[in-house]
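For reference, the structure is listed below as structure tokens.
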Amino acid sequence: FLYAEDEFEIRENLKVNAGLHLSGLFVQGESYFSAQPRLSLNYKLPGDVALKASYAEMQQNIHLLSNSSVGLPSDLWVPAIDSAPSQVSRQLAASIATELFAGKYEVSLEGYYKTMNNLITYKEGYSNLSSTDSWENSIEINGEGVSYGMEFFLQKKKGNTTGWLGYTLSWTNRRFDNINFGEWYPYKFDRRHDFSIVLSYKLNDMWDFGATWVYGTGNAITFPQGVYLGLPYNSWYDGGITSDLVEYYGDRNSTRLPAYHRLDIGINKHSKKLNSTWSFGFYNWYNRKNPWFAYLDRDPETGDRLARQVSLFPIIPSVS
């Protein structure tokens, strides 16, 4: 890799940062070179209002290979190879930001649009938990992706009580020729809503308190939407005619896990005399049962299929 950039002023209130990222990848006897330009503009308006815009091209020489099923979250990072070359992305972003009440508050609104090429994913029916093939033979290649959204950010920077609030509304979709009939579908980590509140309160020079609350839309997963009876056949163990239940999965990643949210609380005690700080932290204060993974099970009495989820919900006090 080689990167160079320069920052300069075109006018007194207009700053420009321009850069160029050069990279080379050598794999399986092939050579891949890329030139990735970066450009950002910062324009200041009267009244402490700043307008920003940026454009960036990026290349990533490793792939994230994720299961779309509901089993254990076992993502893999795999290298770019000749048959699955490096991912390439192009992103545009723009924002407006200002300070309020003599710099006591800062508020901003930003939007972005990103396209991606050379993506990979598992073929239908494949996963890194069940397939015995090498990952190179288990993937779809040449996928494309798009990600876009906007973020609102409000920060209190002065006073005994400080903190910030952030909210992001976003979409992340993928498309492969042989997946989901070639139609766009939500990516596993597509998160429609992402909300965070961080607060810090300084009581005095000895004590301060902090709290963080986060909320996020659940991951998109592929989960059966219904069941139907398969073709009847002779059952060898009871001598009768029987049919298996067959799951209908519907579109790729058409089901959502429950939303993820939790509250963390921290307490700090400072001692100038001992030059020390005691920190007490509480994770997931109200014991939210956030899902870790989901799976199908049968009711032991009726045999009906049941959707179940396994959650991790520890309350872990820590002292340091």
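For the numbers below, each heavy atom of this structure counts, side chains included, while hydrogens, waters and symmetry mates do not. This chain uses plain numbering: 1 for the first residue, then up along the sequence. This structure is a prediction, so every number in the text was calculated from the model and none was measured.
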Report task. Mark yes or no for whether Gln36, through its side chain, and Gln59, through its backbone, hold a donor-acceptor pair below 3.5 Å. Result -> yes
Query raised in the report: Any idea how Phe209 and Trp207 line up, ring-wise: parallel (<30°), tilted (30 to 60°), or perpendicular (>60°)?
Result: parallel
Query - Heavy-atom side-chain proximity of Val49 to Ile96 below 4.5 angstrom - result: yes
Requested in this report: Show the numbers, then the answer: is there a side chain to side chain contact (heavy atoms under 4.5 Å, CB included) between Met116 and Val88?
Outcome: CA-CA 6 Å; Met116 293 157 279; Val88 178; over 6 Å; no
Query raised in the report: Between Trp213 and Phe195, what is the ring plane arrangement, given parallel below 30°, perpendicular above 60°, and tilted in between?
Result: perpendicular
Query raised in the report: Is there a side-chain contact between Asp208 and Leu203 (heavy atoms, below 4.5 Å)?
Result: no
Query raised in the report: Counting N and O atoms only, with roles assigned by atom type, does the side chain of Arg38 sit under 3.5 Å from a partner on the main chain of Ala56, one being a donor and the other an acceptor?
Result: no
Query raised in the report: Roughly how far apart are Phe153 CZ and Ser196 OG, rounded to 0.5 Å?
Result: 10.0 Å
Query - Ser95-Glu110 side chain donor-acceptor pair, cut-off 3.5 Å - result: no
Query - Non-hydrogen side-chain atoms of Tyr201 and Thr162 separated by less than 4.5 Å - result: no
Query raised in the report: Do Leu14 and Asn42 come close enough that some side-chain heavy atom pair is under 4.5 Å?
Result: no
Requested in this report: Check whether any side-chain heavy atom of Tyr283 sits under 4.5 Å from a side-chain heavy atom of Ile265, and report yes or no.
Outcome: no
Requested in this report: Examine the side chains of Asn253 and Thr222 and answer whether a donor and an acceptor come within less than 3.5 Å of each other.
Outcome: yes
Report task. Check whether any side-chain N or O of Thr172 sits under 3.5 Å from a backbone N or O of Ser147 as a donor-acceptor pair, and report yes or no. Result -> no
Query raised in the report: Taking the inter-plane angle between the rings of His21 and Phe1 on a 0 to 90° scale, is it parallel (under 30°), tilted (30 to 60°) or perpendicular (over 60°)?
Result: tilted
Report task. Carefully, step by step, assess Glu5 and Asn17 under the rule side chain to side chain contact (heavy atoms under 4.5 Å, CB included). Result -> CA-CA 7 Å; Glu5 69 172 15; Asn17 185 293; 3.4 Å; yes
Requested in this report: For Tyr286 and Arg288, test the side chains for any donor-to-acceptor distance below 3.5 angstrom and give the result as yes or no.
Outcome: no
Requested in this report: Taking the side chain as every heavy atom from C-beta outward, state whether His63 and Gln87 have any atom pair closer than 4.5 Å.
Outcome: yes
Requested in this report: Ignoring hydrogens and angles, tell me if any N or O in the side chain of Asp251 forms a donor-acceptor pair with the backbone of Ser254 under 3.5 Å.
Outcome: no
Query raised in the report: What about Val107 and Tyr112, same hydrophobic cluster or not, with Ile/Leu/Val/Met/Phe/Trp/Tyr joined at side-chain heavy-atom distances under 4.5 Å?
Result: no
Report task. Any chance you could measure Glu140, atom CD, to Tyr122, atom OH, to the nearest 0.5 Å? Result -> 13.0 Å
Requested in this report: Answer yes or no: does atom NZ of Lys156 have more than 12 heavy-atom neighbours from other residues, nucleotides or ligands under 6.0 Å?
Outcome: yes
Query raised in the report: Distance only, no hydrogens: is a donor on one side chain within 3.5 Å (strictly under) of an acceptor on the other, for Ser279 and Asn268?
Result: yes
**Report entry** Over 12 foreign heavy atoms within 6.0 Å of CD, Gln28
**Finding:** yes
Report summary line: Partner of Phe176 under side chain to side chain contact (heavy atoms under 4.5 Å, CB included), picked from Asn142, Ile139, Leu119, Ile141, is Leu119
Report task. Please report the C-alpha distance between His193 and Tyr215 in whole Å, then the side-chain angles of each, then the deciding distance to 0.1 Å, and finally whether the ring pair (Phe, Tyr, Trp, His ring centres under 6.0 Å) criterion is met. Result -> CA-CA 8 Å; His193 306 285; Tyr215 174 94; 7.4 Å; no
Query raised in the report: Within a radius of less than 6.0 Å around NZ of Lys269, do more than 12 heavy atoms belonging to other residues, nucleotides or ligands occur?
Result: yes
**Report entry** Polar side-chain atom of Asn180 near backbone of Tyr185 as donor-acceptor pair, under 3.5 Å
**Finding:** no
Query raised in the report: Got Pro37 and Glu57 here, is their nearest side-chain heavy-atom distance under 4.5 Å?
Result: yes
Query raised in the report: Considering residues, nucleotides and ligands other than Asn160, do more than 12 of their heavy atoms fall under 6.0 Å from its CG?
Result: yes
Requested in this report: For the pair Phe280 and Trp278, name the ring-plane relationship: parallel under 30°, tilted 30 to 60°, perpendicular over 60°.
Outcome: parallel
**Report entry** Verdict with reasoning, Asn61 to Ser86, per side-chain hydrogen bond (donor to acceptor under 3.5 Å, both in side chains)
**Finding:** CA-CA 5 Å; Asn61 297 327; Ser86 303; 2.6 Å; yes
Query raised in the report: Excluding sequence neighbours, so at least two apart, what forms ring-ring contact (aromatic ring centres under 6.0 Å, His included) with Phe26?
Result: Phe33
Query raised in the report: Are the side chains of Met206 and His270 in touch, meaning some heavy atoms are under 4.5 Å apart?
Result: no
